Amino acid sequence: AQKVTQAQTEISVVEKEDVTLDCVYETRDTTYYLFWYKQPPSGELVFLIRRNSFDEQNEISGRYSWNFQKSTSSFNFTITASQVVDSAVYFCALIQGAQKLVFGQGTRLTINP
Amino acid sequence: DAGVTQSPTHLIKTRGQQVTLRCSPKSGHDTVSWYQQALGQGPQFIFQYYEEEERQRGNFPDRFSGHQFPNYSSELNVNALLLGDSALYLCASSLGGRAYGYTFGSGTRLTVV
């Protein structure tokens, strides 16, 4: 069975601090995709990044960076110099069978001014 | 370019009643997937519709049913509502029957009393 675990239920930091959200996944597939989504209070899930299982290159997009390590089945997400607008619930997800996403429980991130 | 539109945004129903939720996909998308997100949890896959057929189904009882229309819009029906059906119901659209490139709507918040 496929599973995504986000062990951090809630994180609270002060603005401008760096913060890392952890994600560990389980799958027997050799080909898979991993995702990160942001869910603001409005409810919609905002796509942040997709990474396939053959591409272990880390990625940086502005203040966001992602570290994918197949050896530890982890796909962690770091926000550098956090801002209040980063406050949201963040979900890590794994695609299964190309047709559905399996989500973690989510991490509620609060950035305090 | 309109994104995914869901209606209504909020709904209160009584236990035992039936409810219909609606979703219009993003322009150019032909696939609609439905997810249930209970409070404090990650979204759970209900089912996916492509070419007006249910292609894949998650672990949900037959009380949950759906339909896709020729214009690609979709409905989610839930019969014999239970208190545990209270959740945010998210619709996601994509292209070609795949979960890649999902665009999520803001959801319908269903409360069963």
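Here the structure is a predicted model, which is why all the values come from computation and not from measurement. Every chain is numbered from 1, with letters handed out A, B, ... down the list of sequences.
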Task: For chain A, the option from B:Gly107, B:Gly105, B:Ser33 that forms the most heavy-atom pairs under 4.5 Å - done: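 Top count of heavy-atom pairs under 4.5 Å with chain A: B:Gly105.
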Please say whether more than 12 non-hydrogen atoms of neighbouring residues, nucleotides or ligands are located less than 6.0 Å from [atom1] in [X].
| X | atom1 | result |
| --- | --- | --- |
| B:Tyr72 | OH | no |
| A:Lys3 | NZ | no |
| B:Arg63 | CZ | yes |
| B:Leu83 | CG | yes |
| B:Ile12 | CD1 | no |
| B:Asn71 | CG | yes |

- [ ] Mind checking the CD-CG spacing from A:Glu44 to B:Leu88? Nearest 0.5 Å is all I need.
- [x]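 Output value for this atom pair is 11.0 Å.
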Task: Distance in Å, B:Gln44 CD paired with A:Lys100 NZ, rounded so as to fall on 0.5 Å steps - done: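 Going from CD on B:Gln44 over to NZ on A:Lys100, the span is 8.5 Å.
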Open item on the list: Looking at every non-hydrogen atom in both residues, tell me the closest pair between B:Gln37 and A:Phe91 and how far apart they are.
Closed with: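 It is NE2-CZ, 3.2 Å.
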Open item on the list: Using the rule side chain to side chain contact (heavy atoms under 4.5 Å, CB included), only one of A:Leu101, A:Leu45, A:Val102 pairs with B:Pro43; which is it?
Closed with: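 Among the candidates, only A:Leu45 passes.
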- [ ] Determine, using ring centers only, whether B:Tyr35 and A:Phe103 are less than 6.0 Å apart.
- [x]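 Between B:Tyr35 and A:Phe103, which both carry aromatic rings, the centre distance is below 6.0 Å.
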- [ ] Please check if the distance between the ring centroids of B:Phe104 and A:Tyr37 is under 6.0 Å.
- [x]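 Centroid distance B:Phe104-A:Tyr37: below 6.0 Å, so yes.
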- [ ] Measure A:Gln39 against the heavy atoms of chain B and call it side chain, backbone, both or neither at under 4.5 Å.
- [x]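 A:Gln39 touches chain B through side-chain heavy atoms alone.
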